**Q** 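Let me give you the structure first, and then I'll get to my questions.
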There are 2 protein chains.
Amino acid sequence: MVTMKEIAKRAGVSVSTVSLVLNNRDEGRVRGNVANQVRTIASQLGYQSNPLASSLRTGRTHMLGFISEDVATTPYAGGIILGAQTAARELGYMMIVVSTDGAQNEAEEIAALKRYGTDGFLYAKMSNRITDVPKALKDMPLVLVDATDEAGVVPSVEPDEFHIGYDATTRLIASGCERIAYVGAEDPIIAEQGRLDGYRAALAEAGRDFDEHLIVHVGNNEPALEAVNALFDSAQPDGFFCFNDARAWYVYECAARHGLKIGHDISVVGVDNHRVFADTLVPQLTTVELPHFEMGYWAASKLVSLIEESPLADMEWPSTTAPLPPLNAPVPAKIHCALIEKESVRS
Amino acid sequence: MVTMKEIAKRAGVSVSTVSLVLNNRDEGRVRGNVANQVRTIASQLGYQSNPLASSLRTGRTHMLGFISEDVATTPYAGGIILGAQTAARELGYMMIVVSTDGAQNEAEEIAALKRYGTDGFLYAKMSNRITDVPKALKDMPLVLVDATDEAGVVPSVEPDEFHIGYDATTRLIASGCERIAYVGAEDPIIAEQGRLDGYRAALAEAGRDFDEHLIVHVGNNEPALEAVNALFDSAQPDGFFCFNDARAWYVYECAARHGLKIGHDISVVGVDNHRVFADTLVPQLTTVELPHFEMGYWAASKLVSLIEESPLADMEWPSTTAPLPPLNAPVPAKIHCALIEKESVRS
DNA sequence: ATGAAAGCGCTAACAA
DNA sequence: TTGTTAGCGCTTTCAT
């Protein structure tokens, strides 16, 4: 481990000078050739700063905490984590991910992270839920990912649920579907409402009436399958917009029971939350993949800007302008969604 | 943030005494009542040690690195991470998980972790693969999870693949299956060979001949489905042991094509690697779940013992003695597998 | 423009 | 049995 002391010795200067130079605070404080000298030696020796040592002085560890309980059970969070980690590293931060079981160990994990001096937190939920922010996080730089806090005051990054519903439905309309069903979730998640709104808006724009009989809200259980089956019988839809791929699965199963071929007799668009289907399974389903990576990337960037009290750097954000995949595409395709960032006040 | 200094002041002793007491090094070095006094004040004030500060002196950060590339794409690693994290926290360590894309950023991530002074590493692969250990890890305390290194010298924790195959096949035999097929993977993974061996051993023990025509090795692709379909036609198996749940899916699909009902006409046991199937989907499949949590837990425990050069504490390890789930159980059930730990020399 | 020195919180020799 | 002191690697006044 090469230290500043070492560099100082070789360069014949003091440690403080080295510190100044290596932190780029040498503007008009250190002579140019001295600075260069120091930099040269530093890179020759392969100097790596010791973030822990500097944290002692500065109070900044350059560590970020990422809290989520979904990491353990779904690959959902994977993309988010990867995105967040990528941004973190680019900005010179290390991200510590902790998976939690329930509220109990969540508090413990947060406490542990705080002991290690994390500079801020990312807090992720699944499917844009309304969340109680743990009290331990309230006094820290914090960004929510795919979640909304009760009070609506915490910055968060969420998919544009409305556009997801709108785009999916529009695509089904464009492909010639006449009776488009919505297979939604039971829980009062924000995503549910937003997507349904998008569905309605797309229908309205196409001059179609909203038909309640084409809507079902189902859970993750046995009755769900029967409810979807009943929908096939009662409303005979020829297009399906499914809240997630678990719901799409019900449609797949029921279509098989009715002898209907997806991509031929009926069209289906599902939103991929859980990655239920492995790469090549059920290729007939068109799956809209949420912009997980982008959400994570943006969230981490925002968090760092909060910590450093610097403005967010300009970035090219994903938007809904990206083309939708063709219906019944052979492989799940990914569309981008606009991300919504809230600051202090709910919009 | 309450510091030792603070405690020392209140207790009217020196910081070193506080340090001694709080690190339980006060055996015969500090008077009992003084020690108690210090402890009382510490807990009153809610003292939390600052691990970063002590690391500066001791060279130990009490941070563990967990490297895996599968975190992002499958929930597979989730249980392992949770187990490892649990053990780590119990032992007073913080675990930093990094997901990597490929070898490129793997090296970067490892370098970053080292800069932060992690005391050791967990390196996880999927499905017990033979792995090149990154050079950067070679000089560090290291434990592999569900992987084996080429040279066979790195301690690792792996499922007992043989028993998985043996148990699954035995169960199919017990349920009355006459022609038991094995649907395996293509890749030369250790898990593949071990499970196949277990399958053969179970057959032999039951006095049955091994029939090559009941074996297929398939990938994750279109031809795979056709290969399994051909197996149905050519060998007409009435029981299936599937390498993982992706393979089980093929069986499910082909059974449907042949009008065969799982749990009635044929029996299927799959090993759950990827959690392709959500909770209530395809409930007819009996899924053997790998002991992910336990592997992670054990691996982290082992790693800490390596770091601290202390013997592994006695623990109750999961074993194959746990009862297998009933065939065609309504929900995927979890069986335990014996874990194998190697030390210095391959057994 | 540069360096000396103090100090972040903690541990560990060494003194007392 | 306890306290003093030095120092881990770095940042930051404050002198020079």
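Within every chain, numbering begins at 1; the chains are lettered A, B, ... in the order of the sequence lines, protein sequences first and strands thereafter. Just so we're clear, the structure is a prediction, and the values are computed from it rather than from any experiment.
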**Q** To the nearest Å, how far apart are A:Y116 OH and C:dG9 P?
**A**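 Answer to the nearest Å: 17 Å.
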
**Q** Examine the side chains of B:T148 and B:E158 and answer whether a donor and an acceptor come within less than 3.5 Å of each other.
**A**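 Yes, B:E158 and B:T148 have a side-chain donor paired with an acceptor closer than 3.5 Å.
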
**Q** Kindly point out which of D:dT12, D:dT2, C:dG3 is positioned nearest to the side chain of A:S19?
**A**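 The closest nucleotide is D:dT12.
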
**Q** Is the phosphate of D:dT2, meaning OP1 or OP2, less than 4.0 Å from a side-chain N or O of B:R31?
**A**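 Checking B:R31 against D:dT2: at least one side-chain N or O falls below 4.0 Å of OP1 or OP2.
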
**Q** Going by distance alone, is a donor N or O of one side chain under 3.5 Å from an acceptor N or O of the other, for A:E69 and A:S99?
**A**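 Judged by distance alone, the side chains do not pair up.
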
**Q** On the nucleotide D:dC10, are OP1 or OP2 found under 4.0 Å from the side-chain N or O atoms that A:S54 carries?
**A**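 For D:dC10, neither OP1 nor OP2 has a side-chain N or O of A:S54 closer than 4.0 Å.
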
**Q** Quick one: A:L20 CG to D:dT12 P, roughly how many Å, whole number?
**A**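 Value for this atom pair: 9 Å.
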
**Q** Tell me which nucleotide among C:dG9, D:dT2, C:dA4 gets nearest to the side chain of B:L56.
**A**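 Of the candidates, C:dG9 comes closest.
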
**Q** Can you tell me how far P of C:dC10 sits from CD of B:E6, to the nearest Å?
**A**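 Rounding to the nearest Å, CD of B:E6 and P of C:dC10 are 11 Å apart.
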
**Q** Just the rounded figure in Å: distance from P of D:dT12 to CG of A:L22.
**A**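 Whole-Å distance recorded here is 14 Å.
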
**Q** Does either side chain, that of A:R39 or that of A:N24, offer a donor lying less than 3.5 Å from an acceptor on the other one?
**A**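 There is such a pair (donor and acceptor under 3.5 Å, judged by atom type) between the side chains of A:R39 and A:N24.
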
**Q** Grab the CZ-C1' distance between A:R25 and D:dT12 for me, whole Å please.
**A**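 These atoms are roughly 9 Å apart.
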
**Q** Assign A:R29 to base, sugar-phosphate, or nothing according to its heavy-atom contacts below 4.0 angstrom with the strands shown.
**A**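 Contact class for A:R29: base.
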
**Q** What is the distance, rounded to the nearest whole Å, between atom CZ of A:R115 and atom C1' of C:dC10?
**A**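 A:R115 atom CZ is separated from C:dC10 atom C1' by 14 Å.
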
**Q** Contact class for A:G12 (heavy atom, under 4.0 Å): base, sugar-phosphate, or nothing?
**A**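 If one applies the 4.0 Å heavy-atom cut-off, A:G12 turns out to touch the sugar-phosphate alone, with no base involved.
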
**Q** Hey, does B:T3 reach any base, or is it just sugar-phosphate, or nothing, if we go heavy atoms under 4.0 Å?
**A**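 Sugar-phosphate contact only - B:T3 comes under 4.0 Å of backbone atoms but never of a base.
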
**Q** Considering heavy-atom distances to DNA chain D, does A:N23 or A:K5 have its closest nucleotide positioned more toward the 5' end?
**A**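 Its nearest nucleotide lies further toward 5', so the answer is A:K5.
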
**Q** For a quick check under 3.5 Å, do A:Y297 and A:Q85 share a side-chain donor-acceptor pair by atom type?
**A**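 Absent: no donor and acceptor within the cut-off.
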
**Q** Establish, with yes or no, whether the OP1 or OP2 oxygen of C:dC8 is under 4.0 angstrom from a side-chain nitrogen or oxygen of B:N50.
**A**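 Checking B:N50 against C:dC8: no side-chain N or O falls below 4.0 Å of OP1 or OP2.
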
**Q** Between C:dA12, D:dT11, D:dT2, which one does the side chain of B:T17 approach most closely?
**A**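 Output: D:dT2.
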
**Q** To the nearest Å, give me how far apart CZ (A:R57) and P (C:dC10) are.
**A**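 Answer to the nearest Å: 15 Å.
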
**Q** With a non-hydrogen cut-off below 4.0 angstrom, is B:S16 in contact with a base, only sugar-phosphate, or nothing?
**A**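 Base contact.
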
**Q** Without decimals, in angstroms, what is the distance between B:M4 CE and D:dC8 C1'?
**A**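 Distance check: B:M4 CE to D:dC8 C1' gives 15 Å.
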
**Q** B:T17 and B:S14: side-chain donor and acceptor closer than 3.5 Å?
**A**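 The criterion, which ignores hydrogens and geometry beyond distance, is satisfied for B:S14 and B:T17.
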
**Q** Looking only at side-chain N and O atoms, does B:Y47 come under 4.0 Å of OP1 or OP2 in C:dG9?
**A**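 False: B:Y47 side-chain N/O out of range (4.0 Å or more) of C:dG9 OP1/OP2.
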
